[in-house]
Amino acid sequence: MEILSENTCFGGVQGVYKHSSDACLCDMTFAVYMPPQARAQKVPVLWFLSGLTCTHDNAMTKAGAQAWAAKYGVALVFPDTSPRGDDVANDEAYDLGQGAGFYVDAVQNPWAPHFNMWTYVTEELPKLVAAEFDIIEENQGITGHSMGGHGALTIAMSLPDRYKSVSAFAPIANPTASDWGRKQLGAYMGADEAAWAAHDASLLMADRGFHSPVLIDQGTADNFYDLLRPQALADAITQRKQAATFRMQSGYDHSYFFIQSFMQDHVKFHAELLK
């Protein structure tokens, strides 16, 4: 692991790191915030998965999460959203290719050699973080925004023994029934729609739910509202009788201003469940 930068932040350390990924067959960059409490003891960790077009940097610099992580004593991990490099397949559209890994393992060419973001986020990067940082491995939560909210929800419900808490900001909630999802799942995973179901938060919620309360925030002025399909997830929560707080936030859009506005609520929500 190579240290690209480390800066003091709210009494803790915000670092950016690079390593060679076996899952993605390229160098991957990620960010970790260690709160001041980590100097004296191991701390729980909250993963933040970002959305389309983002890198590790967007949430690290725009979400305003470090102040609350320092207050509640939680480490933050910001992975990248896809593999990158000159030999990594890409697409001119912003919603496919580099910056749009969708947190799945691709089986279709030209994506299959590198686009293994499910394995990267759930297996390879957690092992590296656990080896290099003073975190409590059994105390992990996961959240994310948009495509990252999709990833957080599907990963948490698929690996409930791994994660104690999950939340999401404006997640892509029902990708198997949305133009934001059918295109990407088809490109990465092929035409077998039965295989897509494991990556649809609404279907997973209706089928299995999650073992602890879930927090979802969705803006009513979100310009991607129809593509996100939040109603499908709300219906699945009701059908499953899942303990959940699903908040429709009046006037908020899809931007990081929306995320900043409710980040404290999410970090506190995770900190209480992780501790």
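Numbering starts at 1 and runs along the sequence shown.
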With side chains defined as the heavy atoms from C-beta onward, is the minimum distance between Tyr188 and Gln108 less than 4.5 Å?
no

With respect to Tyr17, which candidate in Glu6, Glu132, Glu2 satisfies the side chain to side chain donor-acceptor pair (under 3.5 Å) definition?
Glu6

Short question: side chain of Thr55, backbone of Asp57 - any donor-acceptor pair under 3.5 Å?
yes

So do the side chains of Val88 and Phe115 get within less than 4.5 Å of each other, counting heavy atoms only?
yes

Looking at the rings of His199 and Phe102, which for Trp means the six-membered one, are their centres under 6.0 Å apart?
no

Would you say the side chains of His56 and Ser50 form a donor-acceptor pair under 3.5 Å?
no

State, with a plain yes or no, whether a side-chain heavy atom of Pro83 is found less than 4.5 Å away from one of Leu25.
no

Is it true that the side chains of Gln218 and Gln249 contain a donor and an acceptor less than 3.5 Å apart?
no

Judged by modelled atom types alone, do His266 and Asp217 share a side-chain donor-acceptor pair under 3.5 Å?
yes

What I'd like to find out is whether the side chain of Trp47 reaches to under 4.5 Å of the side chain of Pro126, using heavy atoms alone.
yes

Connected to Ile136, directly or through other members, by ILVMFWY side-chain contacts below 4.5 Å are none

Assess the side chains of Glu124 and Thr119: does a donor N or O sit below 3.5 Å from an acceptor N or O?
no

Take the angle between the ring planes of Phe30 and His19 and call it parallel below 30°, perpendicular above 60°, tilted in between.
perpendicular

Could you verify whether a donor N or O on one side chain and an acceptor N or O on the other, from Asn223 and His254, lie under 3.5 Å apart?
no

Applying the side chain to side chain contact (heavy atoms under 4.5 Å, CB included) criterion to Ser158, which one of Thr122, Leu153, Leu204 satisfies it?
Leu204

Apart from Tyr252 itself, which Ile, Leu, Val, Met, Phe, Trp or Tyr residues share its cluster (side-chain heavy atoms under 4.5 Å, direct or through members)?
Leu4, Phe10, Val16, Tyr33, Leu46, Phe48, Met60, Trp68, Tyr72, Val74, Leu76, Phe78, Phe169, Tyr256, Phe258, Ile259, Phe262, Met263, Val267

Scan side-chain atoms only and decide if Thr176 and Asp200 contain a donor-acceptor pair under the 3.5 Å cut-off.
yes

Can you find a pair of side-chain heavy atoms, one from Lys62 and one from Asn58, that are under 4.5 Å apart?
yes

Donor-acceptor pair, distance only, cut-off 3.5 Å: does the side chain of Ser21 make one with the backbone of Cys24?
yes

Using a distance-only test with no angle check, is there a side-chain donor-acceptor pair under 3.5 angstrom linking Lys164 and Asn139?
yes

Ser167 side chain to His270 side chain, donor-acceptor N/O pair below 3.5 angstrom
yes

